[in-house]
There are 2 protein chains.
Amino acid sequence: MSLTDGPYGGPAQPDVIDPSGGANQTRVRAYNERLVMSLVRRHGSLSKADIARRSGLSAQTVSVIMRALEADGLLIRGAPVRGRVGQPSIPMRLNPDAVFSFGVKIGRRSADLVLMDFVGTIRLHLHQIHTYPLPDDLVTFIVEGIGKLEQQLTPDQRGRIAGVGVATPFELWNWAEEVGAPRQEMDKWRDFDLQAAIAARIPHPVFLQNDGTSACGAELAFGVGASYPDFVYFYIGSFIGGGVVINSALFSGRTGTAGAVGPLPVAGKDGRSTQLLKIASVFVLEKLLRERGIDPEPLWYSADDWIDFGEPLETWIQDSAAALAQAVVSAVSIIDFSAAVIDGGFPSWVRSRLLAATRKALKTLDLQGVTVPDLVEGAVGSHARAIGGASLPLFSRYLLDTNVLFKELS
Amino acid sequence: MSLTDGPYGGPAQPDVIDPSGGANQTRVRAYNERLVMSLVRRHGSLSKADIARRSGLSAQTVSVIMRALEADGLLIRGAPVRGRVGQPSIPMRLNPDAVFSFGVKIGRRSADLVLMDFVGTIRLHLHQIHTYPLPDDLVTFIVEGIGKLEQQLTPDQRGRIAGVGVATPFELWNWAEEVGAPRQEMDKWRDFDLQAAIAARIPHPVFLQNDGTSACGAELAFGVGASYPDFVYFYIGSFIGGGVVINSALFSGRTGTAGAVGPLPVAGKDGRSTQLLKIASVFVLEKLLRERGIDPEPLWYSADDWIDFGEPLETWIQDSAAALAQAVVSAVSIIDFSAAVIDGGFPSWVRSRLLAATRKALKTLDLQGVTVPDLVEGAVGSHARAIGGASLPLFSRYLLDTNVLFKELS
DNA sequence: GGATAATAATTCAATTTGATTTATTTATTG
DNA sequence: CAATAAATAAATCAAATTGAATTATTATCC
C-alpha cells in the first residue's frame, strides 16, 4: 500500500460487531449508585462528604443518592465522628444484612453451597463429596440445598436474596481422564445446560461463570481489589484457573474464558514447553504423592488442613513456582498488571511458601523490558470459588460495572 | 458541542487507587457524540435512523446530535437514498477535511512526520534518515517539519489541526547496543521529556505513546477495528512491539506498556526459552543477512520495497512465525481475544508469507483449552506507527472512549 | 468561662442539561 | 390514496449542578 492510499478499509464487515449502545440519565444514576456503594465497600465506611470528594460528584448529588440507598436499607449510618472542626461527619457503611446470595462451587471431588451476606461473610454452608461430578446429582444438591438453607432464614431475609451464582470449570467433559471418571459419564455435561436446569427449579436469578473467573471476582470484591485496580489472578485447585481484573472490573471476555491461564505455555523442568496446568495443579501433586507411595487422600479432606507431605510437596511447590513465575511474565507482557494474585485450595502456609518460591523464581528470569508486578497472596483463601460464585449476583446488581451505562443491544 | 478532552498518550497517571469518578449528563452527551461518529466511521456512512437503531438511542436524540455534528462540519450529508417505501434516508459520513493531525514515528534508522486527515488518509509526508535517534535532532525535525507542512495548508485547514501524536519506542537508552549507537549518546534520552520539548515549541496539544500501541490504535481506528471488538496486535519493526484492544478501545494500561509483547517468553528453535523480540524482529533478520555475507541495506530503503533475500528471509519468517504462534497462544490464555493482528515494517508479500507460516505453526502447538483467535494481516501496513501517532489526537477528542463518561480524579 | 468566628457536613430550592415521549410533517412506494 | 419510513418539533421527565441556607462542631478572643 502506498502512502497516499485511501482509508485503510479492513474487510468491511456488515452489521455484526458494533460498540456498546448509547448512554442516558437513568443509566447514569444506576452507575453512580454503584459507584457510591463500591467506594463504601472499598473503604469500609465513608461519609457523604468523603464520597463527594472521591467521586467528583457534587455534595448534593451524593446526598440524594445516599439517602435513597439508606432508605433501601443498603447503607447504614454509624456514630457521628467528632473531634474535627465543623459539623461531625456521619460514616456510612454497607448493611451486611441488606443482600444475601447463594454461591455454588463445583469441584472435581466435592461441591459447596454457601449463603453469603452483602459484605462477603459466609453465613451458611453445605458441602458434598463425590467421586466425580454429575449433572443430575449436582442439580439435586443445589436445589435441595438452597431449600434447606432458606428454611433457616426469616421471611425478610428470604426476600433479600439477590440470586444464585455457580462457579464451575468449563468443558468438564475434556477432563474425564484427569478426574478419573468414565468418559461417557462426563460426556453427560456436553449438552447439559446447568444454568437453565437450576433456574427452572428455583425462583431466583441464576448466574454461571468459570470457577477461576469467579474466584477472581471474589478477590476483586472482598480481597486485594481494594488495593489494585488491575491484576491477574491464579487459583490453584485440582486444575489451575484464573481471571483478569482491568480498571477495577472483572473482565470475563467475549467467551467468558479470559484469564484461563491454564493453557499458558511455560518451560518445564526439562526445558520443554508445557501448559501451565500440567505443572501447577493439585492433581499433579496427587500423582506425585502416589508415585512416592503416599496416600493423597488428606488433600481432599479439607483444603485448609493439609498435612506437610515433606519432599514431594516441596518439589511440587518449586516446580509450580517456576511455572507461575513464567506465567506472570507472559501475563504482564500482554497487560501491564499492577499485581499478580495467587491463591488456591490449600492452607495459607502452603500459599506463603508458594509465593516465596515464585518471587525467587521470578528473579531468575529475563526481565528486560518487563514491568514487574507485585506478587501477592490471595486475601480470600481456599473458598474463593464459592464466594466468587455468590458474588456473581452482586456484580450483576450492585458492584461497579461500566457496562451499566450502556444500552444492551440485542 | 462539547467534546471533552480525554487523557491520551500523556503518562500523567493519578496514583489514586479509587475507581473512576461519577458520570453526568454533559459527559453522556460527549460520549454519545463520539459513539455516533464511531458508528459512522465504522460503517462508512449511515443515516440518522440507522444510527438510532444501532445505538439504541431515540431518533430524536440522534437527530439533535447529528445536526450539531453536521453544523460543526464533522459530518457531511450524502445523496438521499430512494427505492424503499417511506421518506428517503440521507446517509451521513465523516468529512475527511474536518480534522487534521500530525503523526510522528521515531524509528531506529529513520523518523517520519505525516499529516493525516479525519478518515486516516496521509495528506503530506516528511521522512528523515539517521544513524541513530537523538533528542535534539528529532525535536528540530518535528518542529521544523510541522512548520513546513503547515505552510502548505490554508488558514482554515490550519485551524482544524487537532494535535500532534508521537509514536516512539519507550526506554530507548536500553537499546544502544542493538541500535548500534554509543551508550552515552542514547543515555541522552534518559532525562529527556520529548513531549514537553515539542509542546514548548508548537501551539498544538502533543501526545506521546509507545510505537506498538500507536500502531495498534491505527489498526483500531482505520483497519480491522471495524471487524473485531478486541484483538492483540503485533508490529514487527526493528524491534517487535504491539498493543491491545479491548471493547473496541485502545488499552494502553496503567504504565502505557500494555501489549508490549516483546518480552513474552517463547521457546526458540533449540527449545530454550527466549524473549519474543529476540526472534521476531527485523534486527534479527539484519544480523542473519550479515552472517550470510548479504548487504542488509535494502531493508532500510523503503519498508514497502524489500527484495526477496531467499533462504535467510525464509528462515527468519519460519522462526518468527513459530515464535509468534506461541505468543498468540500466551495472549489468548490471558485475554480471549477474537483476533491476533500481525503487521510490520515490510512489504505485504512478506506479511502474507509470515501470516501463512504463523497459521501453520499454530496448528503444531498444544491447543487444549485454547480459544483460537482469527489470525489476520494488518490492514494499515508499514506506516501504521506514524498513522497511529497521528490518530492519538483523534482518540483524545473524537474516537470512542468510555473514560469520557467519568470525571477525572486528581 | 462565655461569646463569637471559622469550618465542615449536610440539605433545600432553583436551574440546567440532555434524553425520551408524543405528535407532526415530509417524501417516497405500491 | 394508503402505507411506510425518515426526520423533526414541542413537551415532558430525570438527574446532576449551582447557590444559598442550616446545623453542629472546634478554635479563639476577651
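We use all heavy atoms of the structure for the numbers below, so side chains are in, but hydrogens, waters and symmetry mates are not. Here is how names work: the chains are called A, B, and so on, in the same order as the sequence lines, proteins then strands, and each is numbered from 1.
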(Q) Using a heavy-atom cut-off of 4.0 Å across all strands, would you classify B:T61 as base, sugar-phosphate, or nothing? (A) base
Q: Could I get the full list of side-chain hydrogen bond (donor to acceptor under 3.5 Å, both in side chains) partners for B:N95, not counting sequence neighbours?
A: none
Q) Which residues satisfy the side-chain contact (heavy atoms from CB on, under 4.5 Å) test with B:P205, sequence neighbours excluded? A) B:F207
(Q) D:dA6, OP1 or OP2 - any side-chain N/O from B:R53 closer than 4.0 Å? (A) yes
**Q.** With sequence neighbours excluded, residues passing ring pair (Phe, Tyr, Trp, His ring centres under 6.0 Å) with A:F251
**A.** none
Q: Send over the distance from B:L35 CG to C:dG18 P, rounded to a whole Å.
A: 16 Å
Q) So, is A:N32 near the phosphate of D:dA16, with a side-chain N or O under 4.0 Å from OP1 or OP2? A) yes
Q. How many Å lie between CD1 on A:I65 and P on C:dT10, as a whole number?
A. 15 Å
Q) Considering heavy-atom distances to DNA chain D, does A:V64 or A:P80 have its closest nucleotide positioned more toward the 5' end? A) A:V64
Q: With sequence neighbours excluded, tell me which residues meet side-chain contact (heavy atoms from CB on, under 4.5 Å) with A:V119.
A: A:L94, A:P96, A:D117, A:T121
Q. Between atom OH in A:Y31 and atom C1' in D:dA15, what is the gap in whole Å?
A. 16 Å
Q) A:R29 side chain: which of C:dT10, D:dA15, D:dT17 is closest? A) D:dA15
Q: For A:E70, enumerate each residue passing the side-chain hydrogen bond (donor to acceptor under 3.5 Å, both in side chains) test, keeping only those at least two apart in sequence or located in another chain.
A: A:R77
Q) Atom CE of A:M66 and atom P of C:dT10: how far apart are they, to the nearest Å? A) 8 Å
Q.
Tell me which residues in residues 44-52 of chain B lie within less than 4.0 Å of DNA chain C, going by non-hydrogen atoms.
A. none
Q: Find the distance A:R27:CZ to D:dA16:C1' and express it as a whole number of Å.
A: 17 Å
Q) Which pair of heavy atoms, one from B:V224 and one from B:E219, lies closest together, and at what distance? A) N-OE2, 3.1 Å
Q) Can you check the A:R54 CZ to C:dA9 C1' distance for me, whole Å? A) 16 Å
Q. In whole angstrom, what separates A:L69's CG from D:dA15's P?
A. 13 Å
Q | Partner residues of A:D72 under the side-chain hydrogen bond (donor to acceptor under 3.5 Å, both in side chains) criterion, sequence neighbours left out | A | none
Q.
It should be established whether B:S58 places a side-chain nitrogen or oxygen under 4.0 Å from OP1 or OP2 of nucleotide C:dA19.
A. no
(Q) Would B:R41 pass as a cation-pi partner of B:F118, given that its NZ or CZ must be under 6.0 Å from the six-membered ring centre and within 45 degrees of the axis? (A) yes
Nucleotide N/O of nucleotides 1-7 of chain C paired with protein N/O under 3.5 Å:
unit_1	atom_1	unit_2	atom_2	d
C:dT7	O2	A:G86	N	3.2

Q | Under the side-chain contact (heavy atoms from CB on, under 4.5 Å) test, residues paired with B:S391 that sit two or more places apart | A | B:M116, B:F222, B:F395
Q: Tell me, please, which residues at least two apart from B:S338 pass side-chain contact (heavy atoms from CB on, under 4.5 Å).
A: A:R254, B:Y228, B:P229, B:D230
Tabulate protein N/O versus nucleotide N/O from nucleotides 9-11 of chain D, keeping only pairs under 3.5 Å, one per line.
unit_1	atom_1	unit_2	atom_2	d
D:dA9	OP2	B:R67	NH1	2.9
D:dA9	N7	B:Q60	OE1	3.2
D:dA9	N7	B:Q60	NE2	3.4

Q: Identify, between A:R84 and A:A59, the residue whose nearest nucleotide on DNA chain D lies closer to the 5' end.
A: A:A59
Q.
Taking side-chain hydrogen bond (donor to acceptor under 3.5 Å, both in side chains) as the definition, give me every residue that meets it alongside A:S63, ordered by chain and number, with sequence neighbours left out.
A. A:R67
Q) Rounded to the Å, how far apart are B:R34 CZ and C:dG18 P? A) 15 Å
Q) With a 4.0 Å cut-off, would you call A:D50 and A:R54 a salt bridge? A) no
